[in-house]
Every structure is written in C-alpha cells, then in structure tokens.
Protein chains: 2
Amino acid sequence: MNKLNDDVLHISQDCGNCPIRHRAVCARCESDELEQLEEIKYYRSFEAGQTVIWSGDRMDFVGSVVSGIASLTQTMEDGRTQMVGLLLPSDFVGRPGRMAAAYDVVATTDMVMCCFRKKPFELMMEQTPHIAQRLLEMTLDELDAAREWMLVLGRKTAREKIASLLSIIARRDATLKLDGMQGPLVFDLPLTREAMADYLGLTLETVSRQMSALKRDGVIELQGKRHVTIPDFSRLLNEAGDDADGGIMA
Amino acid sequence: MNKLNDDVLHISQDCGNCPIRHRAVCARCESDELEQLEEIKYYRSFEAGQTVIWSGDRMDFVGSVVSGIASLTQTMEDGRTQMVGLLLPSDFVGRPGRMAAAYDVVATTDMVMCCFRKKPFELMMEQTPHIAQRLLEMTLDELDAAREWMLVLGRKTAREKIASLLSIIARRDATLKLDGMQGPLVFDLPLTREAMADYLGLTLETVSRQMSALKRDGVIELQGKRHVTIPDFSRLLNEAGDDADGGIMA
DNA sequence: GTTCGCGCTTGATCTGGGTCAAGGATAGCC
DNA sequence: GGCTATCCTTGACCCAGATCAAGCGCGAAC
C-alpha cells in the first residue's frame, strides 16, 4: 500500500455506482485510477430492514452509501430507541481510528454501500491530506446537522417536529433532483411512521396524528401513505418554527 | 505565512495559559516555537454571562477554551432555547471554512479563550496535515457526544436526563482531576438550573424538582445549590438509564 | 377469491412535565 | 443592619403527547 498518494482518489471516476460520494471526498480529481485501491474496496448490498452493523461490533471497514438510505440508531436496554442520523447516498459510515461501532446502522430501504477496509483506508488518510480535510468538512456538516436536530428534539412541539423532518427531506430531495425549490415539491417518504417517530422522539401514533393534521390543514398533501406533495414550502418552514432561510448558513 | 510547516504547532509548549488545548491539537510536539504564530494568536477573556459570538455573526477567528466554560445555544424566534454543546477547557470553537457562526456562544463562567485569526489558521491547516487530522478526531468526538445527547433529549425522562447530565459532568471532572472514579465524586455544578434546563430540554422548575427528588432518594447529596456529591456513581448511571460502562467505547 | 401480516389511522384515557404563582435563600451593596 | 437582585424551591393546576385499544387498507401468499 505504500505507493498510495493523492492519486488514489481518482478511483472516484470509474466507480460507476458511487460517483457522488467519491467525488465528494475529493472534488478536484478529474482523471485516472489506481489499481491498488481495488484491493481495499468492495461493495455490499443490504435489504430494507437489514442491520449493517450492531453497536459494539468490531468495525473493520469504513465506507459510504451508494444508493438507498440507512439510519444510525441508539437503543436503551428497555427498548427505547432514538435515531441519531440519517445516511443518504454519499454519506460516510464509520470512524477512522475507532475499533467498535457506536451505533446500530440499519438499512431503511434497500441499500448499497461502497466499503474500504479500515486499516488501509487509515494508511491512505495519513498519506493523502486531502482526505482528512474533506472528511473534516463532512464531519463538521454532520455535527451541525446533529446540533440542529438537538433543537428539534429538545424544544419543538410534535407538529413542529414533523414539519421539520418533512422540510429536511424535501430540501435534500429537491437538491438531489436538481430541479431546485421552485414549484410544489413532491417526494416519497423513505421512512415508516415508526422510523419517523424514532427520529423525532415521538410515538408512531403521534406522528400519524400530526401527519393527518398537517394534511387536514393543507400544509401537505398525501397520495397514499408515503407520497407527499408540499404546495408551499415556506408555509411548511413556518410550521417547523424555522426562520425563513430555514437552515444553517454557509 | 508561507514558512509555516509542522513546526508551527510547537507553539503549544509556550502558551502558558492553554497547554491542554494546543497539546491536544498536536500531542507529538515537544519543543520549540515559531514566532510567526504569535501574529495570528491572541487571547480574549469573558465574564460569566457574556456572549462571545452571536449566531449569524461574521466569524473571523477560531480558537479554543483555555479556562472556564462556554455553551453553544440555538434560539428560536419565540425565545425557546436549546443548548447544543458545552465547551470545556481544550474544546475548539469555530469552524474552518465557514463565514458565519451557526450558534450563540455564551460564557457560562468567567472564561479565557485562545484565538487564531481564521484566514491564517486555514492556511496553516492546508500546510500542516496533522492539524486537519487532529481536528477531525476532535470533531468526531463531538459528533459522538452530540448523538449521545440526542438519545437523552429524545427518549429519556426528566429524572434520567438530570442523572445523565450529572454523570457526564462528574466523569469529566474526575478525569480532569486525575483522581479517577474511585470513592465518592465531588464537584461544583458549573451551570445554573436554567442552563441545565436549556441543555436538557426541560424547564428550570422540572430541573429543580428532579434535583430535589434525586437528593431525597440519596442518589446525590447537595451542599448548597451547586456543590454535589455522588456517593455511588454506578447508582447514578443506573438512574441515567445508561448501561454499566455508561459511554461510548474507544 | 380468502387470509394473513404489516403499516397506518383513529379514539379514549392517562400522566409527565409544563405553566403559573408564591415564596425562600444567599450574596452583594449601601 | 436592611435592601435588592439573582437563583432556587415548592405547590396547584393543566395540557400535549403517551398509552392502550380497536380497526382499516393493501399487497403478498395460497
């Protein structure tokens, strides 16, 4: 592995299934690939509901989500669970330097991950500064998201919590689809009511009731249980208790 | 600034007031200093209650807490506030790459910070990979702490929340004092009841009631309002709903 | 088609923690 | 000493959301 250098990240260009993520790690790479990387890289796919890693497990890889959605959850002995993160395509999983997983990672939908064996990845990180810099940036983003979520969990009402979750999903969905935020937003909820409840620190009954209430009040429209239309996004933001820009500024 | 290299971190050794932090940034440094650093480094002190930075402010420095305690808080328009982080000596403030502060930073006690002008610090980071690596590690720790806190906020009862907060402060205090965890733990609460409430997503009345209840039940002892004795730490952990080891494993 | 299972909805009731309100303790200051 | 301000405690009451319970809708298996 000692030939690794900045070039290793060029692998991003020929990784057909996970372009977003690797480009995110090193946006400046534009060409080439190195074969060495192949030996530490591999794919794993998971079905919805499958557990990727159990909290406390030895973790011998890091990786990123290629497609689908996973969630990070913490569970108390008596079964109370709290989702502490939502992993979307391009999000990073695992922690360089740590042996054991700190959370359960569960595939919320069918999902594909691109994994790197941990030791070689750590070596690579030492030799290619940009990786640490890029990971730092991503981690800071996650930290901001986690802190924003602390406000949601600690101080918002059930209705505001639901509106906050919907606005986050809607916004992320809209930016992924590149059609921006203009016009009504339409998307499919990637979460069951129970998963929403676990994310929001509520019960699934309360989630269901508040979804019905938001529908009744015209804040959202529902086709079936999962397909959501947001006719007026600023109205939703308002219900979420966020100020107009609705997020952390760059 | 273009002479900066790995050596810049040697400054840690002669920064009498903030050794912990700079040693934390670069534990391997053992000698020397560079004068260049002085030109981007300065100290600021704050009184208890003083605001260090307002959310949204332009932030032209990063830095670390030398002594005292600061808190990161988010506030909604209607005044609901949530503390999203507690900054203890050695903790890092600010985000390289971001222009505006995302949270209010408030001095909870009298506090001294060691600041670096942001631009030069960013340059330094580009040229000295270890800084990014060390910052990544610290940020990952903070992320873990934030996520642990999400479980507290989302799923724990008021009594468990109080016990969780006390156990965190007690543990951190014990490790700082180097006398370890054996015997009864004694410390002073660095937070008012209101600040505790803001951290825990409760009201100050509920905090007060639960403190009284824990005292009545012999889980804690109080001398005055702030001085706390924990006769049996595992009992406290139990009240917090944590499993025995009570934290994230390394 | 029927049955099963799962995800979801809705209703009825209960309760933990919020809200409102009235003091108590302590420290600083004149 | 008394006065004031700040922080804290405690009580009475209330309500948002939890809990318990019943049932709906719909896709999959047979």
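Worth saying up front: this structure is predicted, and the values here are computed from it rather than measured. Lettering follows sequence order; numbering is per chain, from 1.
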- Assess whether side-chain contact (heavy atoms from CB on, under 4.5 Å) is satisfied between B/Y103 and A/D144, documenting all intermediate values. CA-CA 10 Å; B/Y103 324 102; A/D144 280 338; 2.5 Å; yes
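Contact between the side-chain N/O atoms of B/T203 and the OP1/OP2 oxygens of C/dG18 is found at a separation under 4.0 Å. Contact annotation: A/T206 reaches the phosphate of D/dA18 (side-chain N/O to OP1 or OP2, under 4.0 Å). Side-chain nitrogen and oxygen atoms of A/S212 include at least one within less than 4.0 Å of the OP1 or OP2 phosphate oxygen of C/dT10.
Picking from D/dC8, D/dG17, C/dT19 the nucleotide with the shortest atom distance to the side chain of B/R193 gives D/dC8. Proximity note for A/R226 (side chain, C-beta onward) versus C/dG7, D/dA18, D/dC7: the nearest is C/dG7. Listed candidates were C/dG11, D/dA12, C/dT9. Nearest to the side chain of A/R209 is C/dG11.
Protein atom NE2 of A/H227 is 18 Å distant from nucleotide atom C1' of D/dC26, rounded to whole Å. Taking atom CD of B/Q210 as the reference point, atom C1' of D/dC8 lies 15 Å away to the nearest angstrom. Between the CZ atom of A/R159 and the P atom of D/dA16 there is a distance of 12 Å, rounded to whole Å. Remark: P of D/dC7 and CE of B/M211 are 16 Å apart, rounded to the nearest angstrom. Distance, A/E205 CD to C/dC8 P: 12 Å, rounded to whole Å. The distance from atom CD of A/Q223 to atom C1' of D/dG25 is 17 Å, rounded to the nearest whole Å. Rounded to whole angstrom, the span from the CZ atom of A/R80 across to the P atom of D/dT19 amounts to 9 Å. Remark: C1' of D/dA16 and NZ of A/K156 are 17 Å apart, rounded to the nearest angstrom.
Although no hydrogens or angles enter the test, the distance criterion places no donor-acceptor pair under 3.5 Å between the side chain of B/Q82 and the main chain of B/T75. Here the side chain of B/D104 pairs no donor or acceptor atom with the backbone of B/W54 at under 3.5 angstrom.
When only modelled atom types and interatomic distance are considered, B/Q74 and B/S55 share no side-chain donor-acceptor pair under 3.5 Å.
Within the 4.0 angstrom heavy-atom criterion, only backbone atoms of the sugar-phosphate kind lie near A/L202; the bases stay farther away. Contact annotation for A/G224: no contact, since no heavy-atom pair falls under 4.0 Å across all strands. Counting non-hydrogen atoms under 4.0 angstrom, A/S208 reaches a base of the nucleic acid. Using a 4.0 Å heavy-atom distance criterion, B/G201 is classed as a sugar-phosphate-only contact.
Nearest-nucleotide positions on DNA chain D for A/K225 and A/T157 put A/T157 closer to the 5' end.
Under the 4.5 Å side-chain criterion, counting only non-hydrogen atoms from C-beta, A/M59 is not in contact with A/R95.
Side chain B/E194 to base D/dC8: no donor-acceptor pair is found below 3.5 Å.
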